[in-house]
Amino acid sequence: MSTTDIQYPGSEEEIARIVLEASEARRPIEVRGGGTRLDLGRPVQSASVLSVARLSGITNYDPSELVMAARAGTPLAEIEAALAENNQMLTFEPMDHRPLLAASGEPTIGGVFAGNVSGPRRISAGAARDNLLGVRFVNGSGEIVKSGGRVMKNVTGLDLVKLMAGSWGTLGVLSEVIFKVLPRPETAVTIAVSGLNDAQAAEAMAAALAMSVEVSGAAHLPESVINKFAGGSLKGGPATVLRLEGLIPSVEVRSGRLVAEMSRRGTVSVLEGDISAGLWRDIRDVTPFADGTSKPVWKVSVAPSAGHQLVAALRLKTGVDAFYDWQGGLVWLRMEADPEADLVRQYIKALGGGHATLVRADAATRASVPVFEPQPKPLEALARRVKDQFDPTGVLNPGRMTAGM
Amino acid sequence: MSELIAFLEPDRAVIDRRPAIIADLAGLLPDSCLITEERELVPFDTDAFVSYRRMPLAVVLPETTAQVAAVLKYCNDNSIPVIPRGAGTSLSGGAIPQEDAIVIGVSKLNRILEVDFPNRAAVVQAGVTNISISQAVDADGFFYAPDPSSQLACTIGGNIGMNSGGAHCLKYGVTTNNLLGVKMVMFDGSIVEIGGKALDAAGYDLLGLICGSEGQLGIVTEATVRLIAKPEGARPVLFGFESSVAAGACVTDIIGAGIIPVAIEFMDKPAIEICEAFAHAGYPMDVEALLIVEVEGSDAEMDAMLERIIEIARKHDVKTIRESQSATEAALIWKGRKSAFGATGRIADYICMDGTVPLGQLSHVLEKTSEIIDRYGLRVANVFHAGDGNMHPLILFDANDPDESMKAEMAGNDILKLCVDAGGCLTGEHGVGIEKRDLMRHQYSDADLAQQMRVRAAFDPKWILNPSKVFPLDRRNGSQTGNQSAAGDDRTAA
């Protein structure tokens with residue numbers, strides 16, 4: 001597609017006009033921010049593109065209120081820089097998909113929320129959706145709608161904010177997002193336990209999360225991927241890593257307790273500073289599978305104790321590499337060849353349920369294999385009715401999440 | 001007494017069929033689950049928003065999801081309004097019935113089905129009380145975080161309906177942040193399951209939409225909730241200030257300094273006096289405003305955090321600082337705070353507002369609130385969750401005085417508009433219910449409301465679920481409309 005087909009509205013009103021025209025002409029449009037996650041999801045069937053990349057800028061930020069508002073096309077880097085200046089951060093640690101998808105461009109804050117993109121701290125600080133307080137968007141009829149606001153507690157009316165998070169531009173074009181920000185922790189350390197197999201690691205992580213030490217990251221990195229993390233600085237087989245953050249005196253106390261408990265399970269080392277930070281960035285960005293190939297990569301969300309069972313079952317049937325985040329409940333799978341979608345999803349169901357998203361695959365695969373978990377019939381019908389209420393003519397990102405929707 | 005808030009005109013045709021409807025219900029569930037005698041219906045005629053009462057047609061208390069489904073299908077097929085009800089502790093009238101409606105109460109769905117520590121989840125029926133989840137997992141070192149003041153009575157089903165918060169959500173979030181899955185009965189009796197023990201559910205975030213939908217999208221019968229490891233210890237500390245403005249500024253500075261305690265609660269002088277008289281918690285009586293700041297963790301952690309908080313408080317000329325010295329003392333401090341509403345109820349009738357404002361607006365809104373109260377010649381006690389800007393002015397009045405009752409409601413409306421105008425919202429955790437329904441237009445445009453109502457209709461095409469709540473009665477395209485003669489949005493003091 002030539003770049004002339006891309007429209008860059010500079011205002012919410014302009015978005016509304018473009019969408020209204022598209023809706024009246026029943027002409028589908030692909031909605032995007034910085035375009036770094038275009039290869040995540042089903043290919044959109046559309047002749048024209050609407051990018052919010054030029055609808056940019058932080059619109060409201062008073063650090064003492066712990067809230068920021070920004071236009072949807074604001075680069076994530078600009079947001080993070082403004083926060084860093086005030087010693088604050090996005091607590092949900094959004095993943096950068098560029099390395100994994102071999103994509104270029106600048107991720108936008110709108111894209112982060114449209115994809116509900118979170119990272120390792122999701123287990124303690126919630127997902128992107130938990131930190132999104134308010135939205136302004138243009139629905140599929142070209143109407144400007146707002147929901148939520150800039151306060152932390154708000155139960156006024158239906159929570160359309162949550163619905164917009166993770167809807168991948170299929171319900172509306174986000175024009176502005178308002179979200180929670182938090183102080184950066186004064187310090188962070190990582191307790192690494194080496195030598196545990198996947199099942200032992202699941203137990204160790206559950207035990208750590210059952211302690212009152214406020215673990216803010218819990219991942220298990222099997223031997224096959226270990227040298228891809230933190231520049232290869234983790235040695236000695238598989239590592240189970242647990243992050244503690246907060247005030248220095250507090251982290252000291254908690255770290256001591258966690259080390260004592262984990263020492264009974266394996267050899268413990270403590271990582272600090274840049275090594276610890278780099279490790280969690282690699283976990284967040286799925287660095288071991290950012291291999292420049294298009295080998296299928298799954299993001300699987302299951303009950304934490306089911307993650308390693310899923311991988312063990314798959315290994316008996318197919319070539320797969322894996323590591324675990326979110327206490328074992330987030331499994332990153334790289335398949336050797338075929339995505340094996342039916343197998344993956346059948347095993348997930350057998351292990352108590354959850355869902356799998358085909359985060360990376362070539363376009364042909366993504367067009368034929370459901371990228372997002374197919375829903376049971378009643379829920380799919382409900383999702384369709386919801387979609388119809390936002391986008392009655394079906395012009396916004398048709399097919400991105402589900403074929404024919 | 002004239003009422004400021006209108007209800008939908010009851011459907012005469014439904015009321016006239018009452019004997020037949022009761023007979024039909026008797027075929028759907030055991031006699032012990034059906035209430036039809038007038039004197040037994042009385043406890044269901046209101047909730048904690050007691051100024052309004054309506055007798056329901058009948059009350060059903062199902063024992064299974066299948067029974068809920070059968071009743072809901074019957075009501076939808078016959079266009080009979082349904083009022084879902086947990087424990088009836090709503091402060092916004094969310095569970096108040098109407099004359100042509102069947103109340104479906106979840107109180108008999110009161111079992112904890114599963115506790116799963118490795119996955120930090122509990123599966124419970126909707127009628128389980130909030131506190132009983134924490135009690136069930138306490139010995140194993142876990143708790144369920146959202147803790148509304150009514151937690152001894154309120155149910156998890158009601159908490160999901162209202163997306164309830166509590167004093168400790170500054171750190172742990174509200175219900176929506178702690179809910180992993182639901183089993184829900186839809187308008188037509190079909191049963192859906194959303195989410196589970198995984199942290200994220202697939203597809204659109206329907207769980208997030210359902211949470212806080214005030215019983216208008218379906219009836220939740222089971223929930224999977226997240227359990228969190230209990231902190232090693234917790235210590236509430238009292239900080240007394242010379243003025244509300246100083247206390248408000250101190251809150252802003254604590255948060256601004258990057259310190260997030262587990263709770264920061266605010267009380268003004270009237271609230272201190274009321275709560276102290278009730279709980280004898282040892283609150284200082286010679287200050288104008290009080291903050292209860294709770295920190296948690298090990299002793300060393302709490303000491304470190306408190307040291308920094310105290311330093312900030314001194315900059316705001318804090319007059320009294322008192323740390324609780326024992327678990328008993330800590331419990332008393334919280335007892336005083338959590339019984340604020342009940343204690344107020346002993347000395348006067350009151351309505352409790354629930355607007356939330358940006359933290360930087362706290363002092364401004366407190367000042368304007370007292371101006372509004374003075375203008376109506378009423379009294380107010382402020383007791384609220386300052387850390388997240390969720391204000392709870394308690395407007396005191398005499399319910400036997402119709403004029404004063406009306407003034408209290410009008411003052412409440414003015415205060416909520418003030419919150420919205422300050423960049424906040426009408427309700428932080430109590431819900432819209434009937435109480436704030438007619439103010440929704442102050443916060444939302446027609447397009448905003450229309451979008452919400454279309455989503456609502458996707459779940460409940462005939463608007464049978466809790467129909468008089470949340471949305472202004474005259475804004476319902478193509479649905480039934482109510483008597484608007486008493487709608488109160490634009491009434492203010494002359």
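Lettering of chains follows the sequences in order, A, B, ..., and the numbering in each one begins at 1. As the structure is a computational prediction, the values presented were derived from the model and not from experiment.
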Which atoms of [X] are under 4.5 Å from chain A, going by heavy atoms: the side chain, the backbone, both sets, or neither?
| X | answer |
| --- | --- |
| B:Glu193 | backbone |
| B:Lys171 | side chain |
| B:Met305 | both |
| B:His385 | side chain |
| B:Leu217 | side chain |
| B:Phe142 | side chain |
| B:Arg456 | both |
| B:Ile260 | side chain |
| B:Thr252 | both |
| B:Ala201 | backbone |

Less than 6.0 Å separating the ring centroids of [X] and [Y]?
| X | Y | result |
| --- | --- | --- |
| B:Phe187 | B:Phe459 | no |
| A:Phe113 | A:Phe137 | no |
| B:Tyr204 | A:Phe372 | no |

Under a 4.5 Å heavy-atom cutoff, which of [options] has the most pairs with chain A?
| options | result |
| --- | --- |
| B:Asn177, B:Val192, B:Leu180 | B:Asn177 |
| B:Gly258, B:Gly360, B:Pro358, B:Ala457 | B:Pro358 |
| B:Ala229, B:Gly428, B:Ala458, B:Gly256 | B:Gly428 |

Item checked: Donor-acceptor contact below 3.5 Å, side chain A:Asn397 vs main chain A:Arg400 -> no
Note to self: Among A:Glu373, A:Met152, A:Met401, which residue has the highest count of heavy-atom pairs closer than 4.5 Å to chain B?
What the structure shows: A:Met401
Item checked: chain B contacts, top residue of A:Gly329, A:Gly126, A:Ala383, A:Gly354 (heavy-atom pairs, under 4.5 Å) -> A:Ala383
Note to self: Among B:Ile309, B:Ile259, B:Asp303, B:Val262, exactly one meets side-chain contact (heavy atoms from CB on, under 4.5 Å) together with B:Val295. Which residue is that?
What the structure shows: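 Output: one option passes, namely B:Ile309.
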Checklist line | With B:Phe384, the side-chain contact (heavy atoms from CB on, under 4.5 Å) member among B:Thr356, B:Leu362, B:Asn390 | finding: B:Leu362
Notebook entry, point to check: Do A:Ile348 and A:Val300 come within less than 4.5 Å of each other through their side chains, counting heavy atoms only?
Noted result: yes
Note to self: What I want to find out is whether B:Glu232 reaches A:Arg254 closely enough, with some N-O distance under 4.0 Å, to be called a salt bridge.
What the structure shows: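 Result for this pair is no, no salt bridge flagged.
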Item checked: Salt bridge present between A:Lys153 and B:Glu429 (N-O < 4.0 angstrom) -> yes
